[in-house]
Asks: 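Okay, here's the structure, questions in a sec.
Predicted model, so just to flag it, every value in this text is computed and none were measured.
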Amino acid sequence: MTKNLPMLDIKQLGPTRDRLKDAALVLSSLQRLFLPKHPRQWQYGLEVNMRGLITQPFTIENKEYRASIDLVRHKVRLDNNNWKLADFNGPKLYQVIESWLKDHGVNAELEKPTFSKSQIYNPDQANDYSLVLWWLDLQFQILKADISEGVTSPIFLYAHHFDLSLVWFPYDDERQLSVGWSTGDENISEPYIYLTAYPEPDGFQNIKLPAPAYWQNKGFSGAILPYAKLTADSQPEALFRHFAAETFAEARPLLD
C-alpha cells in the first residue's frame with residue numbers, strides 16, 4: 001500500500017459511504033432548484049474542493065450560496081448553519097434544508113431522494129474516502145489539462161451513483177469518452193476506476209489494457225482498473241495515467 005492511498009474495504013466503508021451519498025443527494029436536489037437544466041445534465045454534479053464536496057453556486061434574491069459536505073470537520077454546511085454528519089442522516093438533513101429554504105422565502109418543493117438505511121457515520125472511514133477523492137480529483141485534473149480538442153465536462157461527483165466523473169466530447173456532440181471512480185455497486189463489489197465510450201465504437205474492446213485492468217461486460221461495458229491495484233502499485237499515478245490517458249488516446253480515433 002502506498003503512503004498516500006488508503007485501502008478501501010467496502011464492507012467497512014459501505015455504511016459511511018451511504019451516509020455521505022445521502023447527504024450528496026440532498027445537496028444535489030438543493031442546487032437543482034436554482035440551476036438551469038444543462039443539456040448534458042451538469043446541474044446534477046457536485047464539485048470537489050479542498051474540504052470535501054460543494055454545490056455549484058446558486059442564487060436566492062441576488063445573494064449567492066453554496067452548500068458543502070465538509071470532510072475535514074465532518075459536517076454539512078449551508079449559510080451560517082452546520083449539521084454533524086454523525087447526527088444527521090438523509091431524512092433529517094432533508095428536513096433542515098427544507099426549513100432553511102422556507103426561511104429564505106423559497107416555496108418550491110425540494111425533490112426528496114430515496115435514502116439509504118445507514119445509521120453509521122465513521123469519521124475514520126470518511127477520512128480514507130476523502131483522501132482517495134482528493135487524489136483522484138487531482139488525477140482527473142491532470143488528465144483534463146492534457147486534452148486539447150473538443151469539450152471536457154467539469155469534474156463532478158454525481159450523487160445518484162456517487163461516482164466522480166470526467167467526460168470528454170472530442171467532437172462536441174453525443175460521442176464521448178468517460179473516466180470515473182466508483183466505490184462499488186451491484187456490478188462490481190469493490191472500488192474501481194472505469195473508462196467507457198458512448199456510443200461504444202467498433203473495436204473499443206480490442207484496445208489492449210495495461211495489467212491489471214480488464215474489460216467489464218456484465219451490467220455495463222467498459223474498461224476497469226480496480227482501486228486496490230492502485231494502492232498496491234509503487235507508482236499509482238503512473239498506473240492511472242497509463243490506464244486512462246493511453247486508453248483515451250487509443251479510443252478517440254474509433255469515434256470518427
Side-chain angles (χ1 to χ4, degrees), residues 6 8-35 43-61 63-134 136-137 155-165 181-186 191:
L8 294 180
D9 183 334
I10 195 59
K11 291 182 179 179
Q12 295 181 21
L13 175 65
T16 297
R17 183 272 315 272
D18 290 346
R19 195 67 165 258
L20 290 171
K21 179 180 178 180
D22 288 346
L25 285 167
V26 174
L27 296 196
S28 179
S29 293
L30 172 64
Q31 71 178 15
R32 293 199 313 275
L33 279 179
F34 305 98
L35 298 182
Q43 76 274 12
Y44 281 85
L46 302 178
E47 300 174 6
V48 178
N49 70 357
M50 293 180 67
R51 298 191 69 87
L53 294 164
I54 191 166
T55 65
Q56 299 172 56
F58 58 90
T59 302
I60 302 175
E61 294 185 348
K63 182 176 179 181
E64 185 175 284
Y65 296 92
R66 299 185 86 165
S68 65
I69 300 174
D70 184 339
L71 292 173
V72 177
R73 297 296 183 185
H74 304 286
K75 297 178 179 181
V76 173
R77 299 184 183 275
L78 173 59
D79 202 8
N80 295 319
N81 304 288
N82 65 82
W83 303 281
K84 291 182 179 179
L85 284 159
D87 298 333
F88 284 80
N89 61 11
K92 279 187 175 181
L93 185 61
Y94 177 86
Q95 290 174 358
V96 295
I97 297 293
E98 266 200 327
S99 296
W100 182 87
L101 287 168
K102 291 178 181 177
D103 290 343
H104 286 74
V106 179
N107 296 317
E109 184 177 354
L110 181 65
E111 180 184 342
K112 189 172 185 177
T114 300
F115 295 116
S116 75
K117 297 181 180 179
S118 175
Q119 298 300 317
I120 297 173
Y121 183 81
N122 184 319
D124 291 334
Q125 291 296 319
N127 287 339
D128 285 348
Y129 168 81
S130 64
L131 289 175
V132 182
L133 177 71
W134 288 319
L136 280 165
D137 178 68
I155 299 167
F156 281 143
L157 182 131
Y158 290 94
H160 286 79
H161 295 102
F162 207 59
D163 61 336
L164 188 70
S165 175
W181 171 53
S182 169
T183 53
D185 51 40
E186 68 277 7

Asks: What pair of heavy atoms forms the shortest contact from Tyr121 to Ala126, and how long is it?
Replies: OH-CB, 3.1 Å
Asks: Any side-chain heavy-atom pair from Pro6 and Val132 closer than 4.5 angstrom?
Replies: yes
Asks: Looking at CG of Leu78 and CZ of Arg66, how far apart are the two atoms once the value is rounded to the nearest 0.5 Å?
Replies: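 Nearest 0.5 Å value for the CG-CZ distance: 12.5 Å.
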Asks: Any side-chain to backbone donor/acceptor pair from Thr55 onto Leu27? Under 3.5 Å, distance only.
Replies: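 Pair absent, no side-chain N/O of Thr55 close to backbone of Leu27.
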Asks: Report the distance from atom CD1 of Ile97 to atom CG of Leu110, rounding to the nearest 0.5 Å.
Replies: 8.0 Å
Asks: Show your reasoning for whether side-chain contact (heavy atoms from CB on, under 4.5 Å) applies to His74 and Asn127.
Replies: CA-CA 9 Å; His74 304 286; Asn127 287 339; 3.1 Å; yes
Asks: Between Leu33 and Leu101, does a side-chain contact (heavy atoms from CB on, under 4.5 Å) hold up when you go through it step by step?
Replies: CA-CA 10 Å; Leu33 279 179; Leu101 287 168; 3.6 Å; yes
Asks: Can you list everything that forms a side-chain hydrogen bond (donor to acceptor under 3.5 Å, both in side chains) with Asn49? Sequence neighbours excluded, please.
Replies: none
Asks: Can you check whether Ile54's main-chain N or O pairs, donor with acceptor, with Ser68's side chain at less than 3.5 Å?
Replies: no
Asks: If you look at every heavy atom in Val26 and Gly90, which pair is closest and at what distance?
Replies: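 Minimum heavy-atom contact is CG2-O, 4.0 Å.
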Asks: Can you name the closest pair of heavy atoms from Ala23 and Val76 and give their distance?
Replies: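 Shortest heavy-atom contact: CB-CG2, 4.2 Å.
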Asks: For the residue pair Phe58 and Phe34, categorise the inter-ring angle as parallel (less than 30°), tilted (30 to 60°) or perpendicular (more than 60°).
Replies: parallel
Asks: List in chain and number order the residues that pass side-chain hydrogen bond (donor to acceptor under 3.5 Å, both in side chains) with Arg51, two or more places apart in sequence or in another chain; answer none if no residue qualifies.
Replies: Asp70
Asks: Output every pair passing salt bridge (Lys or Arg N to Asp or Glu O under 4.0 Å) with a member in residues 81-103, not counting sequence neighbours, ordered by first then second residue.
Replies: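 Those involving residues 81-103 do not exist here.
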Asks: Sequence neighbours left out, what passes side-chain hydrogen bond (donor to acceptor under 3.5 Å, both in side chains) with Ser116? Give chain and number order.
Replies: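 Counting only residues at least two positions away or on another chain, Ser116 forms a side-chain hydrogen bond (donor to acceptor under 3.5 Å, both in side chains) with Asp22.
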Asks: For the pair Tyr129 and Thr183, evaluate side-chain contact (heavy atoms from CB on, under 4.5 Å) and give the outcome as yes or no after the intermediate values.
Replies: CA-CA 9 Å; Tyr129 168 81; Thr183 53; 3.9 Å; yes
Asks: Ignoring hydrogens and geometry, is there a side-chain-to-backbone donor-acceptor pair from Ser182 to Gly184 under 3.5 Å?
Replies: yes
Asks: For Phe115, which residues count as a ring-ring contact (aromatic ring centres under 6.0 Å, His included) partner, sequence neighbours excluded?
Replies: none
Asks: Is it true that a side-chain atom of Arg77 and a backbone atom of Asn82 form a donor plus acceptor pair closer than 3.5 Å?
Replies: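 Side chain of Arg77 to backbone of Asn82, a donor-acceptor pair under 3.5 Å: no, none is there.
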Asks: Under the rule for salt bridge (charged side-chain N to carboxylate O under 4.0 Å, His left out), what residues qualify as partners of Asp18, not counting sequence neighbours?
Replies: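 None.
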Asks: So, using ring-ring contact (aromatic ring centres under 6.0 Å, His included) as the criterion, who are the partners of Tyr94 when residues are at least two apart?
Replies: none
Asks: Could you go through Trp83 and Lys75, starting from their C-alpha distance and side-chain angles, then the distance that decides it, and tell me whether this counts as side-chain contact (heavy atoms from CB on, under 4.5 Å)?
Replies: CA-CA 5 Å; Trp83 303 281; Lys75 297 178 179 181; over 6 Å; no
Asks: Around atom CD of Glu64, are there more than 12 heavy atoms from other residues, nucleotides or ligands closer than 6.0 Å?
Replies: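 Count over threshold, so yes.
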Asks: If the condition is ring-ring contact (aromatic ring centres under 6.0 Å, His included), which residues does His161 pass it with, not counting sequence neighbours?
Replies: none
Asks: Give, for atom CH2 of Trp181 and atom CZ of Phe162, the distance between the pair rounded to the nearest 0.5 Å.
Replies: 7.5 Å
Asks: Hey, could you give me the CG/CG distance between Leu20 and Leu71, rounded to the nearest 0.5 Å?
Replies: 6.0 Å
Asks: Would you mind listing every salt bridge (Lys or Arg N to Asp or Glu O under 4.0 Å) that reaches into residues 104-114, with sequence neighbours excluded?
Replies: Arg32-Glu111
Asks: Hey, could you give me the CG/CG distance between Asp137 and Leu53, rounded to the nearest 0.5 Å?
Replies: 9.5 Å
Asks: Search all heavy atoms of Ala24 against all heavy atoms of Ile69 and return the closest pair with its distance.
Replies: N-CD1, 3.7 Å
Asks: Could you pull out all residues at least two apart from Arg17 that satisfy salt bridge (charged side-chain N to carboxylate O under 4.0 Å, His left out)?
Replies: none
Asks: Can you list the residues that meet the side-chain hydrogen bond (donor to acceptor under 3.5 Å, both in side chains) rule with Gln31, with sequence neighbours excluded?
Replies: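 Per chain and number, Gln31 pairs via side-chain hydrogen bond (donor to acceptor under 3.5 Å, both in side chains) with no residue.
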Asks: Once ring-ring contact (aromatic ring centres under 6.0 Å, His included) is applied, do any residues pair with Tyr65, and if so which ones, sequence neighbours excluded?
Replies: Trp100, His104
Asks: How far does CG of Leu35 sit from CG of Leu30, to the nearest 0.5 angstrom?
Replies: 9.0 Å
Asks: Please report the closest heavy-atom contact between Ser28 and Ala159, naming both atoms and the distance.
Replies: CB-CB, 4.2 Å
Asks: If we ignore hydrogens and angles and just use 3.5 Å, is the side chain of Ser99 paired with the main-chain N or O of Gln95 as donor and acceptor?
Replies: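 Yes: the side chain of Ser99 pairs with the backbone of Gln95.
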Asks: Does the Asp79 side chain pair with the main chain of Asn81, one donor and one acceptor, at a distance under 3.5 Å?
Replies: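 No; judged by distance alone, with no hydrogens or angles, the pair does not exist.
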Asks: Is there a donor-acceptor pair closer than 3.5 Å between any side-chain N or O of Lys21 and the backbone N or O of His160?
Replies: yes
